[in-house]
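Heads up, the thing below is written out as structure tokens.
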Amino acid sequence: MSQRFYITTPIFYVNDVPHIGHAYTTLACDVMARYKRARGFDVAFLTGTDEHGQKVEKAALANGETPLELADRVVKRFQSLWEKLNISNTDFIRTTQERHKKGVQHFFREVQAKGDIYLGEYEDWYCTPCETFWTEKQLMDNCCPDCGRPTEKIKESSYFFRMSKYQDQLVRHIEENPDFIQPRSRRNEILNFIKDGLRDLSISRTSFSWGIPVPGDEAHVIYVWFDALTNYLTALGYPQDESGDLAAFWPACTHIIGKDITRFHTVYWPTFLMAAGLPLPQKVFAHGWWTVEGKKMSKSLQNAIEPNMLIDKYGVDQVRYFLMREVPFGLDGDFSHSALVHRINSDLANDLGNLVSRSTAMLSKYFGGALPAANSQTDVDDNFIARFPAAIATFDQQMEDLAFNKALQTLWSLVSAANKYIDDSAPWALAKDESNRERLGSVMYNLIEAVRLIGLLVTPFMPDTGEKIRKTLSLPETDSIQGQDRWGVLIPGAHIEKATPLFPRIES
Ligand code: MSP
């Protein structure tokens with residue numbers, strides 16, 4: 001039986017249309033899902049939309065539509081973008097779906113049955129853009145300490161979750177599982193936050209109705225974060241497990257999120273799960289935020305980068321590569337068109353694109369596209385070949401650590417080594433003398449084999465490019481790396497096409 005791997009994106013609010021920040025989270029999950037699949041795992045990859053709550057209700061009202069009309073319209077924008085970005089999710093959950101609503105109510109009842117939910121009165125402040133409760137002391141100049149926007153005072157009857165009860169258990173869990181919250185800096189931040197003291201959490205609202213009713217008390221709707229976080233379970237069929245997915249994929253789970261929602265995923269969610277008696281997910285990784293040309297992306301600045309436009313202009317794999325390569329996963333980064341163009345022209349057109357076109361063009365010119373055998377190896381070849389297993393082991397570790405930009409750097413060290421190998425072995429000079437024919441054949445075999453391995457490993461990042469390389473080399477269709485990631489898989493005599501240029505240069 002193959003190992004299981006479950007990866008999730010946050011579910012996106014439908015009050016906003018997708019921008020590159022959203023695309024980034026989803027893309028990172030896709031790269032990981034593809035990589036794990038290629039490594040033989042049975043992968044569940046979930047994304048979706050967060051459609052309830054005051055923020056969505058307000059946005060719908062402002063647009064003169066119902067919240068569901070708004071959600072139905074915006075969800076299509078997300079779904080079509082994921083298709084265009086080549087996202088290989090296996091499920092898409094909407095919090096307005098029956099399967100989700102039923103699961104959330106069940107989850108609520110489970111926690112209630114534990115005695116961890118009680119009715120009280122909430123009297124403090126609320127930030128609608130963040131859908132977060134704050135005490136007066138936590139506010140900064142009366143505004144939300146997270147996003148800086150105005151908060152509103154609310155006083156209403158509310159169900160509370162006994163989060164305080166789980167403080168010690170949560171600290172212990174985080175301390176005993178150093179990989180639970182990543183990167184480390186976030187883990188320390190959260191530990192400090194918890195050690196400051198956990199308060200009970202208000203988990204229902206009565207002043208609006210766009211949400212899932214509290215079971216048995218329909219005057220309340222369930223707090224949108226309690227509702228939203230539960231999507232990770234309801235998508236697996238919780239509480240039923242007819243498909244077997246719940247048992248198969250929970251808790252073998254990695255949640256990828258943006259750093260702004262770390263507290264919800266590493267404090268609220270785990271304590272909810274503890275109360276419901278369910279195991280905690282294995283890992284929560286919080287990535288950084290993208291700014292644009294040095295500025296925060298915002299509606300008022302109208303500077304949000306629209307991914308569809310980028311993909312149309314530069315190509316899907318180019319955008320995927322840039323987002324994963326430019327910034328260490330976990331840190332903030334800045335988007336600029338010039339940085340994107342630079343990456344495309346240097347890393348893709350010059351380095352990888354040239355390697356593939358030069359190698360296949362020479363093979364076609366010198367051997368009519370029939371792969372020769374490597375019968376004449378020298379130290380130069382041995383050193384070149386030896387780089388591959390070492391780099392692949394490093395690459396695998398970096399992928400496991402979600403260090404995408406490092407994994408790409410490792411891969412590009414192979415691209416550079418292969419380009420240097422061409423320059424050092426100068427096939428064009430060998431081709432001038434028939435007595436070098438066997439040597440020339442070895443160089444060409446090694447080069448094409450290097451292209452194959454690079455194409456294989458680059459596929460989770462750039463699926464179309466991987467596919468083009470695979471077709472150029474007449475390799476059978478498979479998305480598996482298993483058994484393919486060793487030197488010498490290509491069989492002499494194989495027919496190799498001359499590749500068409502993979503990445504056109506962008507003239508600025
Ligand atoms: N609905 C909640 C998540 C619920 S998960 C149970 C939410 N939605 S969101 O649409 O506002 O944000 C979704 C994700 O997009 C978050 O992980 C957030 O960090 C990410 N990003 C939004 N803007 C971003 C950038 N500028 N840069 C990088 N990621 C950003 O929060």
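Both counts, for ligands and for their atoms, begin at 1 and track the order of listing. When a residue number appears, it is its place in the shown sequence, counting from 1.
Here the side chain of R4 pairs no donor or acceptor atom with the backbone of A44 at under 3.5 angstrom.
Under 4.0 angstrom from ligand 1, there are no non-hydrogen atoms of K296.
If you run side-chain contact (heavy atoms from CB on, under 4.5 Å) between F249 and each of D42, L233, V43, only D42 comes through. Under the ring pair (Phe, Tyr, Trp, His ring centres under 6.0 Å) test applied with F335, the options F322, Y24, W289 reduce to a single match, F322. When the options E65, E131, E152 are evaluated for a salt bridge (charged side-chain N to carboxylate O under 4.0 Å, His left out) with K58, the one that passes is E152.
Using a 4.5 Å heavy-atom threshold, the side chains of F161 and Y268 count as separate. Counting heavy atoms from C-beta outward, I174 and L170 have side chains that approach closer than 4.5 Å. Taking 4.5 Å as the limit, every side-chain heavy atom of R34 sits out of range of all side-chain heavy atoms of I481.
Here is the list of ligand 1 atoms found below 4.0 Å of a heavy atom in H265: 5 (S), 6 (C). Residue-ligand proximity, F12 to ligand 1, at heavy-atom distances under 4.0 Å covers atoms 10 (O), 13 (C), 14 (C), 15 (O). Distances below 4.0 Å separate heavy atoms of A228 from the following atoms of ligand 1: 6 (C). Set against the non-hydrogen atoms of G21, the atoms of ligand 1 under 4.0 Å away are 24 (C), 25 (C), 27 (N), 28 (C), 29 (N), 30 (C). Proximity to G288 (heavy-atom distance under 4.0 Å) selects the following atoms of ligand 1: 28 (C). Distances below 4.0 Å separate heavy atoms of H287 from the following atoms of ligand 1: 28 (C), 29 (N). Using a 4.0 Å cut-off to heavy atoms of M297, the atoms of ligand 1 that qualify are 26 (N).
By heavy-atom distance, the residue among W225, Y24, F264 lying nearest atom 4 (C) of ligand 1 is W225. Between the choices W289, Y232, W290, the shortest heavy-atom distance to atom 30 (C) of ligand 1 belongs to W289.
Residue contacts with ligand 1: G258 is placed with a nitrogen or oxygen under 3.5 Å of a nitrogen or oxygen of the ligand (distance criterion only). Checked against a 3.5 angstrom limit, the closest N/O atoms of D50 and ligand 1 fall inside it. For K55, no nitrogen or oxygen atom sits less than 3.5 Å from a nitrogen or oxygen atom of ligand 1, counting backbone and side chain alike. Looking at ligand 1, you'll find an N or O of I11 within less than 3.5 Å of one of its N or O atoms.
Ring pair F78/W82 is tilted by interplanar angle, where 30° to 60° counts as tilted. Relative ring orientation between F395 and Y35 is described as perpendicular, the plane-to-plane angle rising above 60° on a 0-90° scale split at 30° and 60°.
The protein atom (non-hydrogen) at minimum distance from atom 8 (N) of ligand 1 is Y13 CD1, 3.3 Å. The nearest heavy-atom contact from the protein to atom 15 (O) of ligand 1 is H22 CD2, 3.4 Å. Nearest protein heavy-atom neighbour of atom 19 (O) of ligand 1: D260 OD1, 2.5 Å.
Geometrically, R205 engages Y126 in a cation-pi contact defined by less than 6.0 Å to the ring centre and at most 45° from the axis.
For H52, the ring-ring contact (aromatic ring centres under 6.0 Å, His included) partners two or more places apart in sequence, or in a different chain, are W210.
Within the 4.0 Å heavy-atom shell around ligand 1 one finds H19. Residue contacts with ligand 1 do not include E131, since none of its heavy atoms lies under 4.0 Å from the ligand.
Residue pairs meeting the side-chain hydrogen bond (donor to acceptor under 3.5 Å, both in side chains) criterion with at least one member in residues 270-286, sequence neighbours excluded, do not occur.
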